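The structure appears right after this line, and notes come after that.
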Amino acid sequence: MIITKIEPQRNEERVNIYLDGEFAFGLMKEIQYKYGLTEDMNIDKEYIDKVLMEEEQSKANNCALKFLTYRQRSKKEIIDKLAEKGFEDKFIENTLVYLKNYDLVDDLEFARSFAKDKINLNKQGPQKIKYELYKKGISKEIIEKVLDEDDNEYNRALELAKKKLPSYKNDDRNAIYRKLAGFLQRRGYSYECVSKVLKELVK
């Protein structure tokens, strides 16, 4: 097969490749240059397949990089996103290797950052953080490691409870106890922590 024409696309980073007078495929310019594709060049199907594999891998890498632009992601989130976009497993696996080589995917650092945000911004307790990290595909070992680094659960729960307490001023002791316990448990605080807070505040 002969490359009879190479024309630029509207996207300046891409070109259209024509084989034997017919449009064949679009390609990133960098891949065109990498494989030395020029007009009047004679290429076979094996070479074309190699070029198109590189194009698909580049698309997968760029998709993941764009996904990571907004915030850190877990390994599972990246896998799910690429699968949703229709990339085959081999391209997804190669993309993960590519990202790891540039320290762009690290479930431990992701979990630490995620937990820190949930603690500082949302005042969440460890049980809720644990559940959310689990949904994001973080391993049990990493979750436990990250949560073990949080030594401020009680003080956080106490602060939240003190702010919430005035809203129960018209309730009796049993109602306050029940409502405050439910409030803290929904925020993800452990039974032991909630019990300690209630003992401190509900006399």
Side-chain angles (χ1 to χ4, degrees), residues 56-168 176-202:
E56 187 72 357
Q57 188 61 62
S58 186
K59 283 181 180 178
N61 291 351
N62 289 338
C63 180
L65 289 172
K66 186 176 180 182
F67 190 47
L68 286 164
T69 300
Y70 307 103
R71 64 168 174 82
Q72 272 185 294
R73 307 283 182 173
S74 69
K75 180 179 172 183
K76 181 179 183 296
E77 284 181 305
I78 294 168
I79 291 171
D80 289 349
K81 183 68 173 180
L82 293 177
E84 177 191 312
K85 292 290 185 180
F87 292 104
E88 295 177 20
D89 290 347
K90 61 185 176 184
F91 296 113
I92 294 173
E93 288 168 12
N94 289 339
T95 294
L96 289 173
V97 171
Y98 168 80
L99 295 174
K100 284 176 182 175
N101 287 339
Y102 289 96
D103 295 323
L104 293 174
V105 57
D106 183 327
D107 275 358
L108 177 57
E109 287 308 310
F110 167 82
R112 279 181 173 144
S113 177
F114 183 89
K116 184 178 178 182
D117 284 347
K118 293 300 180 181
I119 287 169
N120 294 334
L121 301 177
N122 305 100
K123 307 299 181 189
Q124 286 185 1
Q127 300 305 313
K128 191 162 188 176
I129 295 170
K130 180 179 181 179
Y131 175 69
E132 292 190 28
L133 284 173
Y134 176 76
K135 284 199 302 180
K136 292 183 180 296
I138 304 301
S139 70
K140 181 182 177 183
E141 291 75 21
I142 288 179
I143 292 173
E144 288 178 354
K145 181 178 177 64
V146 168
L147 293 181
D148 282 346
E149 294 170 359
D150 173 26
D151 57 3
N152 202 34
E153 180 189 2
Y154 171 72
N155 290 331
R156 203 160 64 249
L158 185 64
E159 179 188 347
L160 270 178
K162 284 179 177 177
K163 288 181 180 177
K164 190 68 175 174
L165 204 53
S167 66
Y168 304 140
I176 293 172
Y177 195 95
R178 187 179 68 255
K179 288 181 179 180
L180 198 54
F183 168 72
L184 292 174
Q185 285 170 348
R186 285 191 298 276
R187 296 299 286 266
Y189 290 93
S190 65
Y191 174 79
E192 293 79 8
C193 179
V194 172
S195 296
K196 192 175 175 183
V197 169
L198 292 174
K199 189 175 181 181
E200 171 72 22
L201 296 182
V202 186

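Small disclaimer: the values here were computed from a predicted structure and weren't measured.
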Taking the side chain as C-beta and beyond, is there a heavy-atom pair between V105 and F110 under 4.5 Å? no

Would you say R187's side chain and K128's backbone share a donor-acceptor pair under 3.5 angstrom? no

With a cut-off of under 6.0 Å to the ring centre and 45° to the axis, is K196 in cation-pi contact with Y154? yes

Working to the nearest 0.5 Å, report the span between CD1 of I138 and NZ of K145. 14.0 Å

How close do L184 and A161 get, counting heavy atoms only, and between which atoms? CD1-CB, 4.2 Å

Please examine the side chains of R156 and D150, heavy atoms only from C-beta on, and report whether any two atoms are closer than 4.5 Å. yes

Would you find a donor on one side and an acceptor on the other, under 3.5 Å apart, between the side chain of E149 and the backbone of R112? no

Does the side chain of T95 come within less than 4.5 Å of F87's, by heavy atoms? no

Nearest atoms (heavy-atom pairs only) where S74 meets K136: OG-O, 2.7 Å

So, does S195 use its side chain to make a donor-acceptor pair with the main chain of Y191 at under 3.5 Å? yes

Would you check if L65 and Y98 make a side-chain contact, meaning some heavy-atom pair closer than 4.5 Å? yes

What are the two closest non-hydrogen atoms of A64 and L99, and how far apart are they? CB-CD1, 3.9 Å

Distance (rounded to the nearest 0.5 Å) between D89 CG and N94 CG: 11.0 Å

Which pair of heavy atoms, one from K75 and one from L96, lies closest together, and at what distance? CE-CD1, 3.8 Å

For K163 and E159, what are the C-alpha separation, side-chain angles and deciding distance, and is it a salt bridge (charged side-chain N to carboxylate O under 4.0 Å, His left out)? CA-CA 6 Å; K163 288 181 180 177; E159 179 188 347; 3.5 Å; yes

With rounding to the nearest 0.5 Å, note down the distance linking NZ in K66 to CG in N62. 10.0 Å

Rounded at 0.5 Å granularity, tell me how far CD in E77 sits from CD in E84. 11.5 Å

Separation of E132 CD from K118 NZ (nearest 0.5 Å): 4.5 Å

Which pair of non-hydrogen atoms, one from L180 and one from Y168, has the smallest distance, and what is that distance? CD1-CE1, 3.7 Å

Would you say D107's side chain and S139's backbone share a donor-acceptor pair under 3.5 angstrom? no

Taking the side chain as everything from C-beta on, heavy atoms only, tell me whether D80 gets closer than 4.5 Å to K76. yes

Residue pair K123 / Y189: nearest heavy atoms and the distance that separates them: O-OH, 2.6 Å

When you compare the side chain of F91 with that of L82, does any pair of heavy atoms fall below 4.5 Å? no

When you compare the side chain of K81 with that of R73, does any pair of heavy atoms fall below 4.5 Å? no

Is it true that the side chains of N61 and Q57 contain a donor and an acceptor less than 3.5 Å apart? yes

Test side-chain contact (heavy atoms from CB on, under 4.5 Å) applied to I142 and D106, L147, L108, the passing residue: L108

Is there side-chain contact between L201 and I176, with at least one heavy-atom pair below 4.5 Å? no

Pairwise distance CZ(F67) to CD1(I78) - rounded to 0.5 angstrom: 7.0 Å

